Asks: 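Dropping the structure in here first, questions after.
Source: prediction; values computed, not measured. Below, read A as the first sequence line, B as the second, and so on, with proteins coming before strands; counting in each chain starts at 1.
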Amino acid sequence: MADSPALELRGITKRFGALVANNSVDFELKRGEIHALLGENGAGKSTLMNVLYGLHQPDEGQILLDGEPVTIDSPRRAIGLGIGMVHQHFMLVPVMTVAENLVLGAEPRSGLLLDYKGAANRVRELSQQFGLAVDPDAKVEDIGVGTQQRVEILRALFRGAKVLVLDEPTAVLTPQEAQDLFVVLRRLTEQGTSVVFISHKLNEVLDIADRVTVLRRGEKIDTVSTEGATERSLAGLMVGREVLLRVEKPEQTLGEPLLTLEGVSAEDDRGLPAVNDVSLEVRAGEIVGLAGVDANGQSELIEAIMGLRAPTAGTITVDGKDVTHCGPRDTLAAGVSHIAEDRHRRGLVLEFDLAENLCLREYKTPAFSTRGFLSPSKMVTRARKLLKEFDVRGGEPETRAGSLSGGNQQKVVIARELTADPKVIIAAQPTRGLDVGAIEFVHRRLVEERDRGKAVLLVSLELEEVRSLSDRVLVIYEGRIVTELPPESSEEDFGVYMTGGGRDERAA
Amino acid sequence: MSALPDDELPPNMTVASRAAVYLRSGGFVAPLITVLVAFLAGGLVVLATGHNPIETYQAIFKGTGFNWVFPWLSEDDRTIAALALQQTLITTTPLILTGLAVAFAFRCGLFNIGGQGQYIVGSILAVWVGSSFDGMPALLHIVVAILAGILSGAAWAGIAGLLKAVTGTNEVITTIMLNWIAIWVGVWLFGLGGPLQNDDPTRVDVPVSNDVLAGAKLPVFWGDAQLQGLHIGIFIALAALVVFWVLLNRTTLGYEVRAVGFSPDAAEASGINVRRNYILVMAICGAFAGLGGALDVMGWQFRIATNDIPANQLAFFGIAVALLGRNTAIGTLLGALLFAGLINGTSTRNLDPSVFEPQLATNLTYMIQGLVVLLISTDVLVVYLLRLRRRRRTQAVAA
């Protein structure tokens with residue numbers, strides 16, 4: 001008994017019609033181990049975890065808990081068997097307290113009423129036992145994202161989880177919060193909990209996991225110990241070929257300033273100040289990174305530049321032309337390309353086919369229309385050429401954009417925006433949700449544009465991405481540019497400024 | 001950092017733009033099932049009233065005149081069928097146009113409930129032009145009257161578009177309000193002592209307009225002009241279907257309309273002027289509906305009686321036509337034929353009274369219309385719930 005692993009998946013096969021999502025996958029989780037599950041989008045990680053959590057039934061294969069074969073036909077059953085899952089999107093009720101959320105569905109009662117005191121005490125016990133500091137009486141809407149995640153973990157433990165599955169847990173955290181999470185996870189494993197850690201981020205996996213199982217196209221490629229593994233070796237396993245993790249950046253040739261912001265301010269949708277007196281300059285041949293935690297005015301700043309949001313103060317200039325009060329069309333025409341942060345919302349018309357999507361900027365030009373009449377054949381011809389050039393897979397010009405995978409959708413956006421031959425490129429979260437291979441592609445294209453004398457403003461929540469791509473980095477906090485740092489600066493330095501710490505230090 | 005499910009809809013869509021996505025062009029199975037179920041449910045009601053549903057439907061079918069196409073019909077039957085079919089096609093004409101008025105809006109993510117008002121305004125202007133300007137050359141007179149109907153309908157709907165673009169007012173509300181304004185303006189204009197009441201001394205106590213002059217009447221090409229034969233308006237409506245298709249699929253305007261309909265945010269980010277599109281689209285919708293009104297008064301009504309203005313339900317049938325036709329040109333044509341057939345097949349004049357009381361049969365039309373709309377809404381709801389469920393699932397363990 002004691003020797004058997006906490007969890008074992010044997011030869012799990014799951015088919016959806018002709019698609020084999022999991023092909024005879026083996027997975028073993030030792031007691032007290034942190035085991036990372038690594039793979040590109042569509043590699044079969046979600047299917048495997050859905051099988052484990054009782055959302056899918058495997059076509060073949062066996063699940064063993066503590067050496068005993070079990071059948072898991074529902075999430076309820078999974079919870080009953082001691083499997084806990086922390087989703088990427090938290091399932092907490094914002095207006096309830098931590099204690100109330102924790103006991104939701106299994107409330108301790110005194111008579112007909114909720115035994116709130118008992119619940120709160122239970123929370124205190126648990127948080128003490130596992131060293132997860134949370135205030136049971138705080139309302140969930142008032143606590144930070146990192147703490148909310150702890151509540152989710154606590155809830156799983158409260159329900160008796162021995163196996164904890166964490167789905168991309170660091171995606172929503174700052175670097176500091178991620179470090180805190182790792183401390184918590186280590187403490188949990190010391191007490192015998194086993195953890196499955198799903199991630200895209202190689203450095204994290206190396207940091208926290210004991211072993212890594214890599215999936216590719218539904219098959220298990222390998223399980224390796226993180227000892228001796230490198231980011232490069234893991235990436236190679238994931239993608240099946242050599243991957244350039246560090247972007248090769250040739251020597252820089254700086255030119256004229258192409259994008260200039262002077263004292264730009266803007267308000268958010270509620271009319272509150274979101275961008276405060278931002279001045280910046282992006283010159284030809286450089287990538288300027290804008291680092292910051294989510295919701296610190298990045299989106300509003302981009303919208304102000306693109307003419308999607310009217311600035312309340314300041315001027316925006318593109319290659320000497322004042323575009324402060326231009327709408328989107330004139331801003332685009334002035335030579336700005338926009339890789340939108342949410343490609344589903346702004347980047348693509350998902351119901352349009354690829355040929356139509358690729359023409360969104362140029363459908364009115366003589367190349368694609370004459371006197372208001374479209375030339376579908378020209379649109380298709382051009383689309384076919386671009387799809388090939390930008391290596392968009394799984395799509396013909398007639399394919400609906402919504403049916404492509406995220407990486408290929410992003411390639412379509414990039415194809416459209418870069419072929420417009422812009423002077424300035426606003427790249428917002430350009431690799432969000434993409435896998436390693438697609439990220440490499442996007443990074444390479446952005447650097448190429450830089451080398452061709454374009455001015456690139458890179459806005460990303462991924463500090464790693466900002467640091468590796470940018471020539472210089474501005475840090476935005478609460479709508480202000482708080483500092484400029486060289487990309488080589490340490491993650492800690494960035495973290496301090498990104499969370500507003502730098503200002504106090506300077507003031508002191 | 002996991003990818004969102006591929007089919008996730010863009011956020012903050014309006015109800016109408018959601019419907020535009022769900023009721024995507026193409027696919028005829030679902031509408032067919034919708035109609036079949038509606039007829040089946042209608043049949044049960046007929047059964048409950050103690051009639052034979054199969055005989056009733058057969059009688060209704062005969063009443064539509066669609067049996068005219070059957071080669072085995074006897075000479076006598078064919079003559080009767082021809083008369084019925086002419087009536088059905090006369091009704092098809094405005095149904096196509098009010099259907100297009102709804103469909104075009106839907107494709108831009110707008111819900112135009114104002115077809116009725118736009119139709120009324122179009123008919124008012126057409127009847128005024130058609131009954132004035134005595135001595136104008138016939139062809140010119142027809143063209144001017146039709147143009148008056150088109151432009152007035154466009155202007156009327158354009159008000160709703162303008163309000164939506166400038167103040168963000170919901171077009172559903174404004175188009176309904178504009179319907180009532182159009183109705184009561186019409187009643188006032190042609191009512192007793194109204195400025196456009198007829199100036200025939202023998203009809204001073206009749207609240208109707210002047211008659212459309214002979215030169216402005218649309219030529220009848222099938223049947224007897226004196227007995228309400230089929231006028232050429234049906235060809236104009238068919239041409240409007242072609243215009244609709246070309247406009248939507250082959251012009252930069254239609255490209256913008258569809259982009260705005262599917263995703264206003266993506267359209268705006270690409271430099272498309274969303275507000276301008278709202279105004280233009282509503283105006284074009286109004287043009288279709290206004291044309292429908294003009295063709296009716298110039299083709300067979302020849303005058304407007306105040307009683308008929310609020311009673312006219314054609315534009316509401318137009319909503320069902322567009323929904324059933326999935327907002328496509330061909331679908332709108334088929335939907336219009338179906339509803340025109342129902343309206344005429346159950347009319348007192350065409351339904352065999354020995355099978356089903358005609359005064360009750362009209363209710364059958366409304367019932368089937370209601371069932372179609374209801375079933376389409378359920379269809380939308382079912383698709384929506386399915387997607388929601390799938391999205392929850394993919395989100396639950398997205399890796």
Asks: Got a second to check how far B:Ile234's CD1 is from B:Leu295's CG, nearest 0.5 Å?
Replies: 9.5 Å
Asks: Inspect the contact between A:Glu362 and A:Arg416 and indicate whether a charged nitrogen and a carboxylate oxygen are less than 4.0 angstrom apart.
Replies: no
Asks: Determine which residues belonging to residues 238-252 of chain B lie within contact range of chain A, meaning some heavy atom pair is under 4.5 Å apart, and list them by number or answer 'none'.
Replies: B:Val246, B:Asn249, B:Arg250, B:Thr251, B:Thr252
Asks: Go through the atoms of A:Leu360 and report whether side chain, backbone, both or neither lie under 4.5 Å from a heavy atom of chain B.
Replies: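 The answer is both parts of A:Leu360.
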Asks: Please look at A:Glu356 and chain B and tell me whether the side chain, the backbone, both or neither of the residue comes under 4.5 angstrom of a heavy atom of that chain.
Replies: both
Asks: Top residue by heavy-atom pair count (under 4.5 Å) with chain A, among B:Ala259, B:Gly254, B:Ala267?
Replies: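 Sorted descending by pairs with chain A, the first entry is B:Ala259.
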Asks: Would you call A:Arg309-A:Asp269 a salt bridge at under 4.0 Å N-O?
Replies: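 Between A:Asp269 and A:Arg309 there is a salt bridge, with a charged N closer than 4.0 Å to a carboxylate O.
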Asks: Can you tell me how far the CD atom of A:Glu398 sits from the CE atom of A:Met379, to the nearest 0.5 Å?
Replies: 11.0 Å
Asks: Between A:Leu37, A:Leu308, A:Thr170, who has the most heavy-atom pairs with chain B when the cutoff is under 4.5 Å?
Replies: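 Most pairs with chain B among the choices: A:Leu308.
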Asks: Give, for atom CG of A:Leu48 and atom NZ of A:Lys220, the distance between the pair rounded to the nearest 0.5 Å.
Replies: 10.5 Å
Asks: Name the one of B:Arg107, B:Arg276, B:Arg275 that satisfies salt bridge (charged side-chain N to carboxylate O under 4.0 Å, His left out) with B:Glu256?
Replies: B:Arg276
Asks: Would you say the side chain of A:Ile83 lies within less than 4.5 Å of the side chain of A:Tyr53, judging by non-hydrogen atoms?
Replies: yes
Asks: Among the options A:Ser375, A:Ser369, A:Pro328, A:Pro75, pick out the one with the most heavy-atom pairs lying under 4.5 Å from chain B.
Replies: A:Pro328
Asks: A:Arg329: what forms a side chain to side chain donor-acceptor pair (under 3.5 Å) with it, not counting sequence neighbours?
Replies: A:Tyr363
